[in-house]
Participant: 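Structure incoming, see below.
Hydrogens, waters and symmetry mates are skipped; everything else that's a heavy atom, side chains included, is used.
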Amino acid sequence: MLTLTMAAKSQVKIGFEVSFKEPQAHYAEIEMNVSGIATKDYVDLKMPVWTPGSYLVREFAKNVESFTAIANGKPVKVEKVTKNTWRVFNAKAAAIKVNYRVYAFEVSVRTAFIDESHAFLSSAGIFMYPAGMIKNPSTVKIIPFGKWDKVNTGLEPVAGQKFTYYASDFDVLFDSPIEVGNQEVFEFNAAGVKHVVAMYGGGNYDKERLKVDMAKIVEQGTAIFGDNPNKHYTFIVHNYATGGGGLEHLNSTVLGASRNAYGTEKGYKGFLALVAHEYFHLWNVKRLRPIALGPFDYDNENYTTNLWTAEGFTSYYENKLLIRAGAINQAGLLTDLVNSLGTVINTPGSKVQSASSSSFDAWIIGYRPNENSKNNAISYYSKGEIVGLLMDLEIANATKGAKSLDDVMKEMYEVGKVQKRGYTDAEFKAMVEKVSGINFTKFWEKYIDGTDDIDFERFFAYAGIDATREIASPGKPYTGASLKVDRNVSVGSVSRNSPAWVQGLNVNDEILAIDGSSIVDEMRNVRLPNPGLTLEVLPTIAKKQVGDMVEITVGRDGVEKKISLKLQESPNIRVKANYNEKATPLQLAVRKRWLGVN
């Protein structure tokens, strides 16, 4: 049976040709040829509904049009049988040719985008696969438009055939984005691997500096795992006026960046942090992965409770790679961690949703935030980053500086290579306990499956770091309502248990007056744009004291309404931390192992 299956797989040939007749209208033309399939009266062709690494059903099939098929040189009947499945009635013909168009006009690292200047093909939203043949190989030939002269992708090139690439199966194809155009391309070698950087959109970057700094990040990531699993790696970078985000792939990544931010210290560090994050995914997620994340079901959500390790730990490690690569110093690392800690603590939803629940609900909450998300949810990125910090310090302390989270990650990576599958939550916990030599059940209950307050002072003390918490704005009036300004001034969000929450101030209420003072007068001295704009920034409230009353006049659905709030002191805290110069030898040993630098 195995021999027959392998023979059938080798007989089927699947090839794609991608061209661009109307790039200015944002279309790709796809020709798909499938041969060796003469087994029944029809063939089902399917398009994924989501792309790995981005946990949201995006319904890529909505962008497909003009689907036609030919068998034996003649048009054949096509019927759409599900939202993402086209049935081609080939009447046992051995080969079919399918043509369809894909509309691509969404700027992001996870969706295809085409215009007159370039084409970015996010493969899960471009290519279809024959049902039941996800493990079959395929080839992709790109025909660049006009004067476009470059193609960059992690796919393997087919020898002797220009712009033609090979994928060993559709998991590889869907995990290999393609950039087509006139992008600037440069290379560097690190960890014995050739790295290609494809820069679209220009920018004030210094490619020689990037080569050096990106190589250091690669080397530091490889040092943790002791192995770089690729023959080559591709960075596809999209530089826009404002940009951000990244998406990891098997041997490539797509990064969104701001083209003029490389010239500032903050902007350059931000880009390197993005590089570090996505490159760390080369191991964490793409190979060391939760068991639910592969093999994939491309028709449905793939649920896991472990995105706090997959994404949260990657956020944590981006800073560890940066400090080890010399891109930030110890003070900078601590500042970033303290800021992340403050974000988690001051998000009301962190008391409602656990890290494991946040992971599981990524499909319905993580990528679909609304005005109440901060009150009932916490990001598995931010909570996972803090869990990584606490776990790392706990392991280093338990082993007196002999081990750290690095050892857990490396061991899990090695186990995954042998088992050729992902890990369960219980297996990850067991490895943490094996490396640390202590029980982590209570830790899991409090910080992963629970919503306990974070005892960061104790964990920081392991590494000789003095940490404290204090009220962020003592004695200052607080309403708990943020504002948004467009055609009018309205409520943007309301924090759980705040005065605005308790008295029923609603999101989208139009603010008309404060204690009778018109909103026009209140806004005269407020600088815009102001992303931190809150009710208490308005002059009338700013002059008041904690405990005072304020009357807010709002318009709601065309009806004027007055709401009285009793001003409170903000519950938000500020975390402070610094390295203790008189740390004990044990604390210094823990610190050294934790940081990974001298």
Participant: My understanding is that only one of Phe174, Phe127, Phe60 makes a ring-ring contact (aromatic ring centres under 6.0 Å, His included) with Tyr298; could you say which?
Facilitator: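 Between Tyr298 and the candidates, ring-ring contact (aromatic ring centres under 6.0 Å, His included) is satisfied uniquely by Phe174.
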Participant: Are the side chain of Arg324 and the backbone N or O of Val597 linked by a donor-acceptor pair below 3.5 Å?
Facilitator: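 Between the backbone of Val597 and the side chain of Arg324 there is no qualifying donor-acceptor contact (under 3.5 Å).
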Participant: Please check if any side-chain donor atom of Asn152 sits under 3.5 Å from a side-chain acceptor atom of Thr234, or the reverse.
Facilitator: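 Side chains of Asn152 and Thr234: no pair found under 3.5 Å.
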Participant: Going from OH on Tyr166 to CD on Glu156, what distance comes out if it is rounded to the nearest 0.5 angstrom?
Facilitator: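 CD of Glu156 is found 10.0 Å from OH of Tyr166.
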Participant: Drop me the distance from Asp336's CG to Ser315's OG, to the nearest 0.5 angstrom.
Facilitator: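 So the CG of Asp336 and the OG of Ser315 are separated by 11.5 Å.
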Participant: Kindly give the heavy-atom pair with the smallest separation between Val151 and Pro144, and that separation in Å.
Facilitator: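 Closest approach of Val151 to Pro144, heavy atoms only: CG2-CG, 4.3 Å.
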Participant: Hydrogens and angles aside, do Ser357 and Ser354 bring a side-chain donor and acceptor to less than 3.5 Å of each other?
Facilitator: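 The criterion, which ignores hydrogens and geometry beyond distance, is satisfied for Ser354 and Ser357.
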Participant: So, the side chain of Ser138 versus the backbone of Gly15: is there a donor-acceptor pair under 3.5 Å, distance only?
Facilitator: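 No.
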Participant: Is it true that Tyr413 and Asp227 share a donor-acceptor pair across their side chains at a distance under 3.5 Å?
Facilitator: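 The answer is yes; a qualifying pair exists.
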Participant: Between Asn306 and Tyr423, do the side chains contain an N or O donor and an N or O acceptor separated by less than 3.5 Å?
Facilitator: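 Not at all, the side chains of Asn306 and Tyr423 share no donor-acceptor pair under 3.5 Å.
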Participant: Closest heavy-atom contact between Ser379 and Ser358?
Facilitator: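 Closest heavy-atom pair between Ser379 and Ser358: C-OG, 3.7 Å.
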Participant: Under the rule for side chain to side chain contact (heavy atoms under 4.5 Å, CB included), what residues qualify as partners of Lys446, not counting sequence neighbours?
Facilitator: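 Checked Lys446 against side chain to side chain contact (heavy atoms under 4.5 Å, CB included); matches are Asp452.
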Participant: Please round to the nearest 0.5 Å and tell me the distance separating atom CG of Asn302 and atom CG of Asn300.
Facilitator: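 Here the interatomic distance stands at 8.0 Å.
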Participant: What heavy-atom pair brings Val158 and Tyr165 nearest, and what distance separates the two atoms?
Facilitator: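 Shortest heavy-atom contact: CG2-C, 3.7 Å.
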Participant: Kindly indicate whether the side chain of Gln161, heavy atoms from C-beta on, has any atom under 4.5 Å from the side chain of Lys141.
Facilitator: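 No. Closest side-chain heavy atoms not under 4.5 Å.
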Participant: Parallel under 30°, tilted from 30 to 60°, perpendicular over 60°: which one fits the rings of Trp363 and Trp50?
Facilitator: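 Rings of Trp363 and Trp50: perpendicular, over 60°.
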Participant: Between the side chain of Thr305 and the main-chain N/O of Ser356, is any donor-acceptor distance below 3.5 Å?
Facilitator: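 Checking the backbone N and O of Ser356 against the side chain of Thr305, no donor-acceptor pair under 3.5 Å is found.
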Participant: Please determine, by modelled atom types, if Thr222 and Asn228 share a side-chain donor-acceptor pair under 3.5 angstrom.
Facilitator: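 The criterion, which ignores hydrogens and geometry beyond distance, is satisfied for Asn228 and Thr222.
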Participant: Verify whether the ring centers belonging to Tyr233 and Tyr279 lie closer than 6.0 Å.
Facilitator: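 Close enough - the centres of the two rings lie under 6.0 Å apart.
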Participant: Is any side-chain heavy atom of Leu210 closer than 4.5 Å to a side-chain heavy atom of Met199?
Facilitator: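 A side-chain contact exists here, since the closest heavy-atom pair is under 4.5 Å.
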Participant: Ring centroid separation for Phe113 and Phe120, is it under 6.0 angstrom?
Facilitator: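 That pair fails the under 6.0 Å test.
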Participant: Look at the side chain of Ser108 and the backbone N and O of Thr111, then say whether any donor-acceptor pair between them is shorter than 3.5 Å.
Facilitator: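 Yes, because the side chain of Ser108 sits within donor-acceptor range (under 3.5 Å) of the backbone of Thr111.
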Participant: Can you check whether Ile378's main-chain N or O pairs, donor with acceptor, with Gln353's side chain at less than 3.5 Å?
Facilitator: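 Side chain of Gln353 to backbone of Ile378, a donor-acceptor pair under 3.5 Å: yes, one is there.
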Participant: Taking the side chain from Asn182 and the backbone from Asp149, do they hold a donor-acceptor pair closer than 3.5 Å?
Facilitator: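 Yes; judged by distance alone, with no hydrogens or angles, the pair exists.
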Participant: Should we count NZ of Lys592 as having more than 12 external heavy atoms under 6.0 Å?
Facilitator: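 Atom NZ in Lys592 is not packed in, count stays at 12 or less.
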Participant: Is the shortest heavy-atom distance from the side chain of Phe313 to the side chain of Val387 under 4.5 Å?
Facilitator: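 A side-chain contact under 4.5 Å exists here.
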Participant: With rounding to the nearest 0.5 angstrom, report the CD to NZ distance, Glu184 to Lys207.
Facilitator: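 If I round to the nearest 0.5 Å, the distance is 4.5 Å.
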Participant: Is the closest side-chain heavy-atom distance between Trp444 and Val432 below 4.5 Å?
Facilitator: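 Yes, their side chains come closer than 4.5 Å.
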Participant: Report yes or no: does Thr309 contribute a side-chain atom to a donor-acceptor pair with the main-chain N or O of Leu307 at less than 3.5 Å?
Facilitator: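 A pair under 3.5 Å: no.
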Participant: Given side chains that start at C-beta, do those of Val140 and Thr153 come closer than 4.5 Å, heavy atoms only?
Facilitator: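 No, every pair of side-chain atoms sits at 4.5 Å or beyond.
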Participant: Closest approach of Leu247 and Thr253, non-hydrogen atoms and distance?
Facilitator: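 Smallest interatomic distance, heavy atoms only, reads O-OG1, 2.9 Å.
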Participant: Under 3.5 Å, side chain of Asp169 to main-chain N/O of Val172, donor-acceptor pair present?
Facilitator: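 Answer holds: yes.
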Participant: Under 4.0 Å between a side-chain nitrogen and a carboxylate oxygen: does that hold for Lys410 and Asp406?
Facilitator: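 No salt bridge links Lys410 with Asp406.
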Participant: Among Thr343, Ile454, Leu337, exactly one meets side-chain contact (heavy atoms from CB on, under 4.5 Å) together with Ile386. Which residue is that?
Facilitator: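 Among Thr343, Ile454, Leu337, the one meeting side-chain contact (heavy atoms from CB on, under 4.5 Å) with Ile386 is Ile454.
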Participant: Run Leu390 and Glu394 through side chain to side chain contact (heavy atoms under 4.5 Å, CB included) and show every step you take.
Facilitator: CA-CA 6 Å; Leu390 304 184; Glu394 187 76 272; over 6 Å; no
Participant: Treating Arg591 as the side-chain partner and Gly401 as the backbone partner, does any N or O pair qualify as donor plus acceptor under 3.5 Å?
Facilitator: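 Not a single qualifying donor-acceptor pair exists.
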Participant: Between the side chains of Glu248 and Lys286, is the shortest nitrogen-to-carboxylate-oxygen separation below 4.0 Å, so that they form an ion pair?
Facilitator: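 No, this pair does not count.
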Participant: Please tell me whether Trp148 and Phe20 form a close aromatic pair, meaning their ring centres lie under 6.0 Å apart.
Facilitator: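 Under 6.0 Å, so yes.
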Participant: Any side-chain heavy atom of Ser340 within less than 4.5 Å of one from Tyr316?
Facilitator: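 Contact flag for Ser340/Tyr316 side chains = no.
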Participant: One pair to check against side chain to side chain donor-acceptor pair (under 3.5 Å): Tyr205 and Asn239. What are the steps and the verdict?
Facilitator: CA-CA 10 Å; Tyr205 55 85; Asn239 293 299; 5.4 Å; no
Participant: Going by an N to O cut-off under 4.0 Å, is there a salt bridge joining Glu433 and Lys429?
Facilitator: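 Yes, Glu433 and Lys429 are salt-bridged.
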Participant: Quick check: closest heavy atoms across Leu293 and Phe296, and the distance to 0.1 Å?
Facilitator: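 Minimum heavy-atom contact is C-CE2, 3.4 Å.
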Participant: Looking only at non-hydrogen atoms, find the nearest pair between Asn204 and Ala261 and report the distance.
Facilitator: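 Looking at all heavy atoms of both residues, the closest pair is OD1-N, 3.7 Å.
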Participant: What distance do Lys46 atom NZ and Thr85 atom OG1 have between them, rounded to the nearest 0.5 Å?
Facilitator: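 Between atom NZ of Lys46 and atom OG1 of Thr85 there are 3.0 Å.
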Participant: I need the single residue from Asp392, Asp407, Asn397 that forms a side-chain hydrogen bond (donor to acceptor under 3.5 Å, both in side chains) with Arg593. Which is it?
Facilitator: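 Running side-chain hydrogen bond (donor to acceptor under 3.5 Å, both in side chains) over Asp392, Asp407, Asn397 with Arg593 returns exactly one hit, Asp407.
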Participant: Going by atom types only, do His281 and Glu311 share a side-chain donor-acceptor pair under 3.5 Å?
Facilitator: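 Present: a donor and an acceptor within the cut-off.
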Participant: Can Tyr55 and Thr304 be counted as having a side-chain donor-acceptor contact under 3.5 angstrom?
Facilitator: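 Their side chains do not contain a donor-acceptor pair, so the 3.5 Å distance test is not met.
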Participant: Check Glu219 with Lys216, please: is the shortest side-chain N to carboxylate O separation under 4.0 Å?
Facilitator: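 No salt bridge links Lys216 with Glu219.
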Participant: Thinking salt bridges, do Glu411 and Lys403 make one under a 4.0 Å N-O criterion?
Facilitator: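 Here Glu411 does not pair with Lys403 in a salt bridge, since their nearest N and O are not under 4.0 Å apart.
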Participant: Between atom CD1 of Ile217 and atom NE2 of His195, what is the distance when rounded to the nearest 0.5 Å?
Facilitator: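 Those atoms lie 10.5 Å apart.
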Participant: Are Arg110 and Tyr367 in a cation-pi setup, meaning NZ or CZ lies under 6.0 angstrom from the ring centre and within 45 degrees of the ring axis?
Facilitator: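 Negative - Arg110 is either too far from the ring of Tyr367 or too far off its axis.
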Participant: For a side chain to side chain contact (heavy atoms under 4.5 Å, CB included) check, start with the C-alpha distance between Ile14 and Tyr129, then their side-chain angles and the critical distance, and finish with the verdict.
Facilitator: CA-CA 9 Å; Ile14 304 170; Tyr129 67 97; over 6 Å; no
Participant: Can the ring centres of Phe225 and Phe280 be said to be less than 6.0 Å apart?
Facilitator: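 Yes, ring centres under 6.0 Å apart.
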Participant: Any side-chain heavy-atom pair from Lys417 and Glu414 closer than 4.5 angstrom?
Facilitator: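 Answer yes - side chains close enough.
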Participant: Okay, side chain of Asp175, backbone of Leu250: is any donor-acceptor separation there less than 3.5 Å?
Facilitator: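 The answer is yes, because a donor-acceptor pair under 3.5 Å joins these two groups.
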Participant: If you define the side chain from C-beta out and look only at heavy atoms, does anything of Met409 sit under 4.5 Å from Leu405?
Facilitator: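 They are in side-chain contact.
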